[in-house]
Structures are given as C-alpha cells and as structure tokens.
A.B. asks: 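The structure follows.
Each chain gets a letter, A, B and so on, in the order the sequences are listed, and its residues count up from 1.
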Amino acid sequence: MLELRLVQGSLLKKVLESIKELVNDANFDCSSTGFSLQAMDSSHVALVALLLRSEGFEHYRCDRNLSMGMNLNNMAKMLKCAGNDDIITIKADDGSDTVTFMFESPTQDKISDFEMKLMDIDSEHLGIPEAEYDAIVRMPSAEFARICKDLSSIGDTVVISVTKEGVKFSTKGDIGAANIVCRQNTTVDKPDDATVIEMKEPVSLQFALRYTNFFTKATPLSSTVTISLSNELPVVVEYKIAEMGYVRFYLAPKIEE
Amino acid sequence: QIFQKILVDYFDSK
C-alpha cells in the first residue's frame, strides 16, 4: 500500500512539466526515503534524478519499496487537471497495475480522482558517485534560462567556462558568435539574485543547447540554479525543490577530437 | 570534429 499526500500539489505539477520533454517513460521509486526517479533521455546523453523526501509529504505511507512505471506525458496530462492550490495524493495498492492521483481543492469542496495505467519499463540505472567539482556556479534560474534561450538562437552548443573572472557562456553559429559573462555578484538585495562562483580549477566544457534548454523547464521550481562542472565529468544542473529535495539534470559534454 | 559523449562513458550501470 502506497499513500503519499502532498499539500503543495503544484510542486508535483511543476516537476512533471520540467521532465516530460526530456524523458518519455520512467520508473518512480518509492521507499522510506522518499519518492524518486532516475531516467535517461532516449539518446543516453542526459539524465534526470528527482528526489522528493518523505518528510516533505504531509502523509507518507509506503509499506514496501515500490517501483511504478509511468508514461510522463500521460502523468502530466492527469496532473494538469489538478488546480494549482490543490492537495495531491498518490495512491497505489500492492500488485496493482494502476496508480491513482487524488486532487482536493483547498476548501475540500471538490475532490477528483484520476486513475492511470502503469507500465513495465526496463530502465537502465546508473551509479552516480558523489563528486568534488572543479567549479560550482549558483545563479538566478531565470537568468540561466534566458542565457540558454538567447544563445540557442545563434548556435547549437554552448561552451561554459569558469575562471576567476566569472562564468562565460559562448556559442558560435552560421550568423555569428555570442559571449555572455556573468561575474560573481553577491551585493544584491535578495540572496536569490546573487551569482556565486566557487572555483578550485578553471573549467571549460561544451554542451548541446537543446538539452540545457530542456533543463530550464524546471525554472518554476526554484529561483536559483546550481551548475556543477568538472573537466572530466558531465555537468550537473540542479534545481532545489523547497524543503523537499531536488531535480538534478546530468549532461555529458561534447568533446573535440 | 565534435563528438557527443554519452553518460555511460562516465557512470557505471547499476
């Protein structure tokens, strides 16, 4: 038996909107730790890792570890039917081939339930070790989204370089080239508006903008984004989900040979 | 030439 009650149901709606274009089908894993997912895009270039910790739910019952295969587009369709202020409860019985999403309006005058068919998904899980990164950039998520969108109108790839001067996003295309430099800026009114750069080593890596633009669909989840870079590793783009967990996107770099 | 690496070049399958 599984029953997870999330008072801030809009978080789950935003999570689905942030990952459904990158991944079609995924297994949601439910354990005493929380509600989680790890899935790669069909090209195995990008990976999404989601964690919603059990403490973040108002009620969290998960009698035994459960993995539920879902089509994310169908799940998003159902969650779109929940109001932004609704409480969402996810329910599943042991051995059942369906999951139920229950939506309660804040005043309890409208209660809906949507039953979705589960699917068997043969997904490949990757072991991702905790790593020390050469550079970690924290910046406003809207700024990062703007940069990825702007650069993708010029080129297909972005080179992200971190030096002590700041973080530089560069692209080149048929019509020309663009460079955007963000300097560390901690003297802002609101901490979430700051750009903070922690650098151990200078880093320069190239990525497909098509994927970074997918990641920025998570912008509504968090006012800040953290970009962790090492010369020998995929980049990690992390959006924290208030008090509950995170959505992390991993993206393998492009390399020149 | 620019090549796109894939994730299993970096992380092991569990």
A.B. asks: Taking atom CG of A:D94 as the centre, does the number of heavy atoms from other residues, nucleotides or ligands within less than 6.0 Å exceed 12?
C.D. replies: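 Count over threshold, so yes.
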A.B. asks: Report which part of B:Y10 has an atom under 4.5 Å of a heavy atom belonging to chain A: side chain, backbone, both, or neither.
C.D. replies: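 B:Y10 touches chain A through side-chain heavy atoms alone.
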A.B. asks: Hey, does the side chain of A:S141 reach the backbone of A:S222 with a donor-acceptor pair shorter than 3.5 angstrom?
C.D. replies: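 Indeed, once roles are kept as given, a pair shorter than 3.5 Å links the two residues.
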A.B. asks: Judged by atom type as modelled, is there a donor-acceptor pair below 3.5 Å linking the side chain of A:N71 to the main-chain atoms of A:D25?
C.D. replies: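 It does not hold such a pair.
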A.B. asks: Verify, without hydrogens or angle tests, whether B:Q4 (side chain) and A:A252 (backbone) share a donor-acceptor contact under 3.5 angstrom.
C.D. replies: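 Checking the backbone N and O of A:A252 against the side chain of B:Q4, a donor-acceptor pair under 3.5 Å is found.
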A.B. asks: CE of A:M75 to CG of A:L118: how many Å apart, nearest 0.5 Å?
C.D. replies: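 So the gap between those two atoms works out to 10.0 Å.
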A.B. asks: Cut-off 3.5 Å, no hydrogens considered: what does the side-chain donor-acceptor table look like for residues 154-166 of chain A, sequence neighbours left out?
C.D. replies:
from   : atom 1 : to     : atom 2 : distance (Å)
A:T157 : OG1    : A:Q206 : OE1    : 2.8
A:S161 : OG     : A:S204 : OG     : 3.2
A:T163 : OG1    : A:E165 : N      : 3.1

A.B. asks: Against chain B, label A:E256 side chain, backbone, both or neither, depending on which of its atoms sit under 4.5 Å from a heavy atom there.
C.D. replies: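 Both backbone and side chain.
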A.B. asks: Quick one: does A:S230's side chain have a donor or acceptor within less than 3.5 Å of a partner on A:E232's backbone?
C.D. replies: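 Judged by distance alone, no pair lies under 3.5 Å.
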A.B. asks: Would you please go through residues 40-50 of chain A and name the residues with a non-hydrogen atom below 4.5 Å from one of chain B, in numerical order?
C.D. replies: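 Within residues 40-50 of chain A, the residues that come under 4.5 Å of chain B (heavy atoms only) are A:M40, A:S43, A:H44, A:V45, A:A46, A:L47.
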